[in-house]
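Read through the structure below, which is laid out as structure tokens, and then see the notes.
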There are 2 protein chains.
Amino acid sequence: MISCMNLKQLSEKLGLSQTTVSRALNGYPEVSEATRHKVRKAAEAHSYRPNTRAKSLATGRSMTIAHVVPVSSKHEMVNPIFADFIAGAGEEYSRAGYDLLLSVVADSDHERVYRDIATRQVVDGLIVQAPTLTDTRIPMLQDLDIPFVVHGRSSGIIGAYNWLDVNNRRAFERATGLLLDLGHRRIALLNGLATMDFAHRRNDGYTRALLERGIAADPELIAHDEMTENYGFEVARRMLSTSNPPTAFVVSSIIPAIGVRRAINKAGLVFGRDVSIVIHDDDLSYFRNTGDVPLFTAVRSSVREAGQRCAAMLLEIIRRREEGLRNEGPMQTLMEAELTIGQSTGPLIPSAAKLRS
Amino acid sequence: MISCMNLKQLSEKLGLSQTTVSRALNGYPEVSEATRHKVRKAAEAHSYRPNTRAKSLATGRSMTIAHVVPVSSKHEMVNPIFADFIAGAGEEYSRAGYDLLLSVVADSDHERVYRDIATRQVVDGLIVQAPTLTDTRIPMLQDLDIPFVVHGRSSGIIGAYNWLDVNNRRAFERATGLLLDLGHRRIALLNGLATMDFAHRRNDGYTRALLERGIAADPELIAHDEMTENYGFEVARRMLSTSNPPTAFVVSSIIPAIGVRRAINKAGLVFGRDVSIVIHDDDLSYFRNTGDVPLFTAVRSSVREAGQRCAAMLLEIIRRREEGLRNEGPMQTLMEAELTIGQSTGPLIPSAAKLRS
DNA sequence: CGCGGCAGTCAAAGCGCTTTGGAAGTTTGG
DNA sequence: CCAAACTTCCAAAGCGCTTTGACTGCCGCG
């Protein structure tokens, strides 16, 4: 059994004061190289680590960042992109010596949890996930005066805040445009939850691309829900069995797209020939859409990279604040998605509609 | 802007001592109901929360649990089951007032991270994920004398420790047995990474079921790797294109099974008729294998429930230790997976092999 | 009336660290 | 040879909370 040693014990063992030992270990210049070396060795030998709680009480910094991941109260579902987002962010945190505090919270009482985390002073900053159209967390956190970065944006919020987002509008405009270029006219959109800000922007991009060609969006071809495989399957099946079915789908994530593919097969159609699909690809680690010719044509933007960059932004904001540079203006980053052609898109086959009937 | 108030300020405002205020808020009996009520109201009004860092320094308990999630250095992949596992555990933690500290760590330096977390005394306990066949973390943590629960087991470790596991051996024995009952003889196993303990147990169950019918396992039909969609696709495609292809697959997770289905379609075979699949289903929230007749025949065990129960076990262990009951013996729970029939299994069609050639 | 007992409150000591404000010891320069 | 200027170290004061031990009234009992 390994006994846990503290500063006092270590300093007594060395015959030095706590001050000196602390300074030696934290790299302060007031201590000679000889003592520093001796102290370092002893600390190593007894595998001494400063007690985090005491350290953060003394310094006022907890070296911890909070992520609050929403779990939908409807489906008890956790969006799988969080795994990769957190992996990216976590990498950045551990590099900088920060810990990550995770709160899994029903989306109904987000506000309470954020307020709690902030006033308990348990973290130095936090990241806001999945902002809604008008997200009340943002003004609340500004009010609480705690550093935060939003992954996404909230259209209904006036005033500046730090965010990192993908250019969803342009991504979906391009995705839809590609299908239009291929001759498709009946294009369905399988979007995320309508309350989410990103879903709104994606709708925008889709509608805009259609309008540019003089096509009005057909509400029958637009669906909103949590992005499960089953959602993709059910919606696509329903749409494909109508009298005027879509010949192409734009899908918000690879997971429902798997369901769409299932529905296409089930309808006796050929994926990528009779029906085209373009997805938004978050580049999930266990669902890599890669290969010489990836399965899905996609607008891609790595959610892991987003996590990493959000974390880096937040740490930078915290650093600045500690140096007293408070009025630097907000940090805002817009990432562009990249279009890659896969096996899921092809030109409209005029006869396809007939074949089906 | 909301100013953060501390105990001292609150007690001064009330004209009481810090002791009394602290006791009033923490429900100690030494304080009159009248004062308690007054204090509660004032705390509410100023939205006072005790500073976590100070509190945990004073009490010696950090009210935090650590999860270390491994990210494979090979594929930079995060196993998506962690999202649901953590959702389950997080529910339990927040109910008990605990926070969750998450470390995302390349699997190579797990030991360092665990030792670090333990000696920095930043958490009251931790959960070990994805144990390997002989997992060195277990003796290490016993040595460090910190409460922990293993999600899974490690066959190579002698000596008792707290764990919660699914009966993988029986689950895979049943899955394989079902396929054998349906007449299949060439049954492939798509397993997880060979280093994982659960993969070993699953191999066992599979092999045992075959042996019971006098069939020797064919190494050509067994694959081990990280459970991505692409892995399922590639392996199934390869196996299906041999001269003596399998007529059925047992697959370790729904994600590679999606890939297997893709390979089956691509080979021009019919899923569930020409080729059968039984999966192990972790009941992932975004990949629910449900419906009147679920897509996949499965041995199912909810990973979310596992998370919740692991968390409950750990909190119980911590509670006992605080009450001085150290020698209660280890807590060990074995969950049984439940078999449900879906659309992915059917009797062996003797002509199938011919059709294909 | 006096004393034990109890309810309600408080001052002060810690938890393990950082950091301030010296105090020694050592070197330099006039 | 002594003052000034470093260098190297230290004692002690906090950080914001809990908790111990003591203290003050006030009641009831002999």
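Both backbone and side-chain heavy atoms feed into the values below; hydrogens, waters and symmetry mates do not. Each chain gets a letter, A, B and so on, in the order the sequences are listed, and its residues count up from 1.
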Do the charged groups of [X] and [Y] touch, with an N to O distance under 4.0 Å?
{"X": "E44(B)", "Y": "R40(B)", "value": "no"}
{"X": "R321(A)", "Y": "D124(A)", "value": "no"}
{"X": "R95(B)", "Y": "E92(B)", "value": "yes"}

**Candidate nucleotides dC10(D), dG16(D), dT9(C), ranked by approach to the side chain of A58(B) - the nearest** =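 Closest nucleotide to the A58(B) side chain: dG16(D).
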**Request:** Would you mind telling me which of dG16(C), dA11(D), dT18(D) lies closest to the side-chain atoms of L57(A)?
**Result:**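 Comparing dG16(C), dA11(D), dT18(D) against the side chain of L57(A), the answer is dG16(C).
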**Item:** Given DNA chain C, 5'-ward residue of the pair N6(A) and E30(A), judged by closest heavy atom
**Value:**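 Its nearest nucleotide being more 5', the pick is N6(A).
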Considering just the side-chain nitrogens and oxygens of [X], establish if one lies under 4.0 Å of OP1 or OP2 belonging to [N].
{"X": "T19(A)", "N": "dC10(D)", "result": "no"}
{"X": "Y48(A)", "N": "dG16(C)", "result": "no"}
{"X": "T20(A)", "N": "dC10(D)", "result": "yes"}
{"X": "Y28(A)", "N": "dT18(C)", "result": "no"}
{"X": "K55(B)", "N": "dT18(D)", "result": "yes"}
{"X": "N26(A)", "N": "dT18(C)", "result": "yes"}
{"X": "S22(B)", "N": "dT18(D)", "result": "yes"}

**Message:** Taking any heavy-atom pair under 4.0 Å as a contact, classify T35(A): base, sugar-phosphate, or nothing.
**Reply:** sugar-phosphate
**Message:** Within the 4.0 Å heavy-atom criterion, would you say Q121(B) contacts the bases, only the backbone, or no part of the nucleic acid?
**Reply:** nothing
Grab the [atom1]-[atom2] distance between [X] and [N] for me, whole Å please.
{"X": "Q18(A)", "N": "dA11(D)", "atom1": "CD", "atom2": "C1'", "answer": "10 Å"}
{"X": "L10(B)", "N": "dC17(D)", "atom1": "CG", "atom2": "C1'", "answer": "13 Å"}
{"X": "R53(A)", "N": "dG14(D)", "atom1": "CZ", "atom2": "P", "answer": "24 Å"}
{"X": "N51(A)", "N": "dT18(C)", "atom1": "CG", "atom2": "P", "answer": "10 Å"}
{"X": "M63(B)", "N": "dG16(D)", "atom1": "CE", "atom2": "P", "answer": "21 Å"}
{"X": "K8(A)", "N": "dC10(D)", "atom1": "NZ", "atom2": "P", "answer": "15 Å"}
{"X": "L16(A)", "N": "dA11(D)", "atom1": "CG", "atom2": "P", "answer": "11 Å"}
{"X": "Q9(A)", "N": "dC15(C)", "atom1": "CD", "atom2": "C1'", "answer": "13 Å"}

**Request:** Kindly say whether F148(B) contributes a backbone atom to a donor-acceptor pair with the side chain of N162(B) at under 3.5 angstrom?
**Result:**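 Yes, N162(B) side chain to F148(B) backbone: donor-acceptor pair under 3.5 Å.
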**Prompt:** Just by modelled atom types, is the Y161(B) backbone N or O under 3.5 Å from a matching donor or acceptor in the Q332(B) side chain?
**Reply:** yes
**Item:** Closest-nucleotide ordering on DNA chain D, the 5'-leading residue of R49(B) and R23(B)
**Value:**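 By nearest-heavy-atom nucleotide position, the 5'-most residue is R49(B).
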**Asked** Within a strict 4.5 Å, meaning less than it, do heavy atoms of the E91(A) and R304(A) side chains meet?
**Response** yes
